[in-house]
Amino acid sequence: MFGIESIISMMQGTGCSPFFFTSALQSVIFGDKAREQQSELMDVNLDFKERMQQMRAEYARERIDSQKLFRRESSELGRRYMIQQTLAQNEARKQQIEFCDFLKHGYWPLNTDVYTYLEAQKDMMESKTMVPMNVLVASTELTSDMRDAEAYGMFCEAVADSLRPLTPGITIERCPWKARSRSKAADALNVNYIMSGIPTVLIFPYLAAKGCVGIETAAWSFARGPQSMSQVKLLKINGVEPGDMRKTALAGVRAAIGITRDLYMLAEYHLPVAYPSLISREDMAVPEIKAAMTKYYGEMAQLASMPEFSELCSAEERRAIEKSFIKSNLLNA
């Protein structure tokens, strides 16, 4: 066999450079390595392409699943919405039946027709101006007289005339009740059933006992439902002479309306209280009225001083409210 040296000597003898041989040898060696590397790279590339294809397929499946999930959720939401609509329609039908039954059986105690009243109140509620509180004084043994058909209207007119300075915060209706109220609780619930959400105060003057005049109120603001109604026995005036019953009832009704009106205007519109500066010394001379005024206006002053309330008021509103309580010196008379 020939050795490397013999091959190189033979190539030199024929004029062939040994560099050609080494270059060819290197080409063969490195060519084989390059082919091996290229094969490895091709294998890696194939693996990469396969992984990419798998990722694309997985992504596509996930996207399809997401779309399916979205469609299922949309379908579920649609079904729930239809169920809620059905329940709402059933509730509306139920309320309509109840409403028709309410009118059919004559539960409405007021003179004003329900539809006329609601239409007028709808216009008022949609206005941009302040919504006054409706004042409805009930027909009772203290505000009406069976022998005098005009007595009830005259009583309501006297209340309205004496409280005219409190407008536009209140509207006092003349002769609102059809007949004498037989149940304060039932009448209050029946009126609230129709007028819920419309600021209203019902005033029930009644004979609590011999020589005792009572004033009960039922009031609500913009909230709806019977739970929004507050019904309280606001006053009881003892030791009233038989001839002074009507006069005392008038004083008690004025106080009840003034207190409720001021609380409504303070809480809803952040306006100063007004009735303590309007009440007569004669009415304040009644101990029970003075005690009620002191109690309720003291609570209003506490409400006005609370940070939660003050934050809702402008600086001008706060000054006006504080000034109104300071000016209410009749409370200390």
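For the atom pair CZ of R164 and OG1 of T167, the computed distance is 7.0 Å after rounding to the nearest 0.5 Å. Expressed to the nearest 0.5 Å, how far OG of S196 lies from CZ of R224 amounts to 4.5 Å. A distance of 9.0 Å separates OG1 of T112 from CE of M195, quoted to the nearest 0.5 Å. To the nearest 0.5 Å, the span separating CD1 on I257 from CD1 on I203 amounts to 5.0 Å. Taken to the nearest 0.5 Å, the CD atom of Q227 stands 12.5 Å off from the CH2 atom of W220. Distance check: M284 CE to S280 OG gives 9.5 Å after rounding to the nearest 0.5 Å.
With hydrogens and angles disregarded, a donor-acceptor distance shorter than 3.5 Å links the side chain of E141 to the backbone of L207. Not a single donor-acceptor pair under 3.5 Å links the side chain of R261 to the backbone N or O of M133. With T140 contributing its side chain and F204 its backbone, the two residues share no donor-acceptor pair below 3.5 Å. Listed for the S162 side chain is a donor-acceptor partner under 3.5 Å among the backbone atoms of V159. One N or O on the side chain of T143 and one on the backbone of A138 form a donor-acceptor pair closer than 3.5 Å. Checking side-chain atoms of D283 against main-chain N and O of I289 turns up no donor-acceptor pair under 3.5 Å. Formation of a donor-acceptor pair under 3.5 Å by the R174 side chain with backbone atoms of E157 is not found in this model.
For P176 against C156, the heavy-atom pair with the smallest separation is CD-SG, 4.1 Å. Closest of all the heavy-atom pairs between P199 and Y264 is CG-OH, 3.4 Å. Listed here is the closest heavy atom pair of T260 and A219: CG2-CB, 4.2 Å. Taking every heavy atom of both residues into account, A274 and L166 meet most closely at CB-CD2, 3.8 Å. A pairwise comparison of heavy atoms in N190 and P109 identifies CB-CD, 4.2 Å as the closest pair. Among all heavy-atom pairs drawn from E288 and N238, the shortest one is OE2-N, 3.3 Å.
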request  = Test F325 against I321 for side chain to side chain contact (heavy atoms under 4.5 Å, CB included), laying out the working first.
outcome  = CA-CA 7 Å; F325 283 110; I321 291 169; 3.7 Å; yes
message = Set out, in order, the CA-CA distance, both residues' side-chain angles and the distance that settles side chain to side chain contact (heavy atoms under 4.5 Å, CB included) for K184 and Q231, then state yes or no.
response = CA-CA 9 Å; K184 296 184 285 293; Q231 190 160 359; 4.1 Å; yes
key: side chain to side chain contact (heavy atoms under 4.5 Å, CB included) between R254 and I279, intermediate numbers included   = CA-CA 8 Å; R254 283 195 294 256; I279 188 172; over 6 Å; no
Trace of the side chain to side chain contact (heavy atoms under 4.5 Å, CB included) decision for E173 with N111 = CA-CA 10 Å; E173 291 194 23; N111 278 314; over 6 Å; no
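Side-chain atoms of E268 and S221, non-hydrogen and from C-beta on, do get closer than 4.5 Å to each other. For the pair Y107/L189, no side-chain contact is recorded, criterion being any heavy-atom separation below 4.5 Å from C-beta on. Side-chain contact between N192 and S228: present, with at least one pair of heavy atoms (C-beta onward) separated by less than 4.5 Å. Residues L202 and W177 have side chains in contact (heavy-atom distance under 4.5 Å, counting atoms from C-beta outward).
Under the 4.5 Å side-chain heavy-atom criterion for grouping Ile, Leu, Val, Met, Phe, Trp and Tyr, L110 is connected to Y115 within one hydrophobic cluster. The hydrophobic clustering, which links ILVMFWY residues whose side-chain heavy atoms are closer than 4.5 Å, places M306 and L263 together. M300 and V201 fall within a single hydrophobic cluster, where Ile, Leu, Val, Met, Phe, Trp and Tyr side chains are chained together by heavy-atom contacts under 4.5 Å. Residues Y206 and M146 are members of separate hydrophobic clusters, defined by side-chain heavy-atom contacts under 4.5 angstrom among Ile, Leu, Val, Met, Phe, Trp and Tyr.
A side-chain donor-acceptor contact under 3.5 Å links Y297 and D262. A side-chain N or O of S144 and one of R180 form a donor-acceptor pair less than 3.5 Å apart.
Exactly one residue among V232, L235, L142 makes a side-chain contact (heavy atoms from CB on, under 4.5 Å) with I215. That residue is L235. Tested against V135 for a side-chain contact (heavy atoms from CB on, under 4.5 Å), the candidates L163, I170, T171 yield a single pass: I170.
Taking the six-membered ring where the residue is Trp, F222 and Y269 present perpendicular rings, their angle passing 60° and hence far from 30°.
By the 6.0 Å contact criterion, NZ on K178 is enclosed, its count of non-hydrogen atoms from other residues, nucleotides or ligands being greater than 12. The environment of CD in E150 is sparse: at most 12 heavy-atom neighbours from other residues, nucleotides or ligands sit within 6.0 Å. Other residues, nucleotides and ligands contribute at most 12 non-hydrogen atoms within 6.0 Å of the CE atom of M154.
Checked for salt-bridge contact, E299 and K295 meet the test: a charged N lies under 4.0 Å from a carboxylate O.
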